[in-house]
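Small disclaimer: the values here were computed from a predicted structure and weren't measured. Heavy atoms only: backbone and side chains are in, while hydrogens, waters and symmetry mates are out.
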Amino acid sequence: MSKVFVNISLSLDGYLAPEGMTMENWDRPEYMDWGAKWGALMGWALNQAYLREKLGIGPGGETGPVNDLVRHTFQRTGAHIMGKRMFDGGERGWPEEAPFHTPVYVLTHQQREPWVRPGGTTFYFINEGPKRALELARQAASGRDIRISGGADVIQQYLNLGVVDELEIALVPVLFGGGRRLFEHLREPLARFRIDQVLGTPAATHLRYVRA
């Protein structure tokens, strides 16, 4: 059966995105220094050969165990779920061939026809809430896993529903001091997790938690 998992980068002080990283400031990465902070958070990932190829960045990059983790994340995923804020940023920032290559279900109040991209990615805009998005993602994934891509509020919704089976967190040694926290607005009862894997590197500590 499909597993529901989260795979994200997180600042040392618990932020998924820095303060100032909004659509209003998308073209002003110097605003509150959000561009540099985001780059520091994601630098470990953008240095992996597999992701560089996926994003069309170019050749080179690391090919070790972290690169294998990134590859596994993409290969296991049969569908993605994300929020409208993440989609809006990606719509402007992703290459024409978006790096998902699966159905992507976007939680939104906006009504919009599916958006088909080259390479097998189709974005579906879901107005009926997180349970409906997960139901559709399970059908589309055909036994592969479902990644809750973000942002923080969407991950929190699925944690509150108690459906997240695995948390994969790349803890990056940067401090933001503000922004969007990952673990806020959570409600009891919450799922219990156990540590399944730890992989330490100078750029990030890769932590994998599974349901206890």
Side-chain angles (χ1 to χ4, degrees), residues 2 5-9 16-18 20-31 34-63 66-127 130 132-134 136-142 144-155 168 170 172 180:
S2 295
F5 77 103
V6 172
N7 179 286
I8 49 89
S9 295
L16 197 60
M21 188 178 177
T22 63
M23 291 308 299
E24 293 79 10
N25 298 304
W26 195 258
D27 297 319
R28 294 196 301 151
E30 72 281 0
Y31 179 75
W34 77 258
K37 290 179 178 178
W38 180 250
L41 184 67
M42 299 305 299
W44 73 268
L46 296 175
N47 198 36
Q48 304 308 310
Y50 185 83
L51 191 58
R52 291 177 67 85
E53 180 183 353
K54 279 283 184 185
L55 296 177
I57 295 173
E62 298 178 5
T63 58
V66 175
N67 190 60
D68 293 340
L69 289 178
V70 173
R71 180 188 296 108
H72 176 65
T73 296
F74 278 89
Q75 291 178 345
R76 71 183 288 196
T77 304
H80 292 76
I81 298 174
M82 68 178 59
K84 181 63 161 51
R85 185 180 292 109
M86 180 177 178
F87 170 79
D88 286 344
E91 188 175 18
R92 295 178 64 175
W94 292 319
E96 182 180 8
E97 185 173 323
F100 301 100
H101 307 288
T102 73
V104 180
Y105 296 90
V106 181
L107 296 176
T108 178
H109 298 295
Q110 180 187 42
Q111 293 189 352
R112 178 172 169 176
E113 291 299 311
W115 189 39
V116 180
R117 308 305 296 148
T121 300
T122 300
F123 294 92
Y124 298 93
F125 302 90
I126 309 303
N127 308 133
R132 178 57 175 162
L134 181 56
L136 293 171
R138 285 195 190 278
Q139 294 172 7
S142 299
R144 295 166 69 195
D145 296 333
I146 298 151
R147 181 180 180 182
I148 311 300
S149 299
D153 57 341
V154 171
I155 294 171
E168 296 178 345
V172 181
R180 294 193 173 276

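Summarising the geometry of Ala140 relative to Tyr105, their closest heavy-atom pair is CB-OH, 3.2 Å, with the distance given to 0.1 Å. Taking every heavy atom of both residues into account, Ala49 and Thr63 meet most closely at CB-CG2, 3.8 Å. Between Lys54 and Pro99, the shortest heavy-atom contact is O-CB, 4.4 Å. Here the shortest heavy-atom pairing between Ala152 and Arg180 reads CB-CB, 4.5 Å. A pairwise comparison of heavy atoms in Leu16 and Gly151 identifies CD2-C, 3.8 Å as the closest pair.
Contact annotation: the side chain of Leu107 never approaches that of Met82 to less than 4.5 Å [non-hydrogen atoms, C-beta and beyond]. Contact of the Trp26 side chain with the Arg92 side chain is registered, since non-hydrogen atoms from C-beta on lie closer than 4.5 Å. Contact check for Trp34 versus Pro29: side-chain heavy atoms found under the 4.5 Å cut-off. Residues Met86 and Ser149 form a side-chain contact, since some pair of their non-hydrogen atoms from C-beta on lies under 4.5 Å apart. In this structure, Arg138 and Ile146 have side chains that are in contact, with non-hydrogen atoms separated by less than 4.5 Å. Inter-residue side-chain proximity for His80 and Pro103 is flagged as unmet; no heavy-atom pair is nearer than 4.5 Å. Within the 4.5 Å cutoff, the side chain of Tyr124 has no heavy atoms near those of the Leu136 side chain. A 4.5 Å side-chain heavy-atom check between Trp44 and Val70 finds at least one atom pair inside the cut-off.
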Item to complete: Could you please spell out the steps behind the side chain to side chain contact (heavy atoms under 4.5 Å, CB included) verdict for Arg147 and Val6?
Response: CA-CA 6 Å; Arg147 181 180 180 182; Val6 172; over 6 Å; no
Discussion item. What verdict does the ring-ring contact (aromatic ring centres under 6.0 Å, His included) test give for Phe125 and Phe87, after you've listed the backbone C-alpha separation in whole Å, the side-chain angles of each residue and the deciding distance to 0.1 Å?
Written reply: CA-CA 10 Å; Phe125 302 90; Phe87 170 79; 5.1 Å; yes
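Taken to the nearest 0.5 Å, the CG atom of Leu55 stands 11.0 Å off from the CH2 atom of Trp94. Interatomic distance, Arg52 CZ to Leu46 CG, rounded to the nearest 0.5 Å: 8.0 Å. Here the straight-line distance linking atom CD of Glu168 with atom CD1 of Ile8 works out to 10.0 Å at 0.5 Å rounding. To the nearest 0.5 Å, the span separating CZ on Arg117 from CZ on Phe123 amounts to 8.0 Å. Ile148 CD1 to Leu134 CG: the interatomic distance, rounded to the nearest 0.5 Å, is 6.0 Å. Rounded to the nearest 0.5 Å, atoms OG1 (Thr77) and CG (Asp145) are 6.5 Å apart.
In summary, Asp88 and Arg85 do not engage in a salt bridge, as defined by a charged side-chain N under 4.0 Å from a carboxylate O.
The 12-atom threshold is not exceeded at CD of Gln111, counting heavy atoms of other residues, nucleotides or ligands nearer than 6.0 Å.
Of the N and O atoms on the side chains of His101 and Thr121, not one donor lies less than 3.5 Å from an acceptor on the other residue. Between the side chains of Asn67 and Glu62, no donor N or O sits under 3.5 Å from an acceptor N or O. Under 3.5 Å, the side chains of Gln110 and Thr108 contain no donor-acceptor pair of N or O atoms.
Taking the ring centre of Trp115 as origin, the terminal cationic atom of Arg112 falls inside the region bounded by 6.0 Å and 45° from the ring axis. For the pair Arg76 and Phe5, the distance from NZ or CZ to the six-membered ring centre is under 6.0 Å and the angle to the ring normal is within 45 degrees.
A donor-acceptor contact shorter than 3.5 Å is absent between the side chain of Arg144 and the backbone of Ala79.
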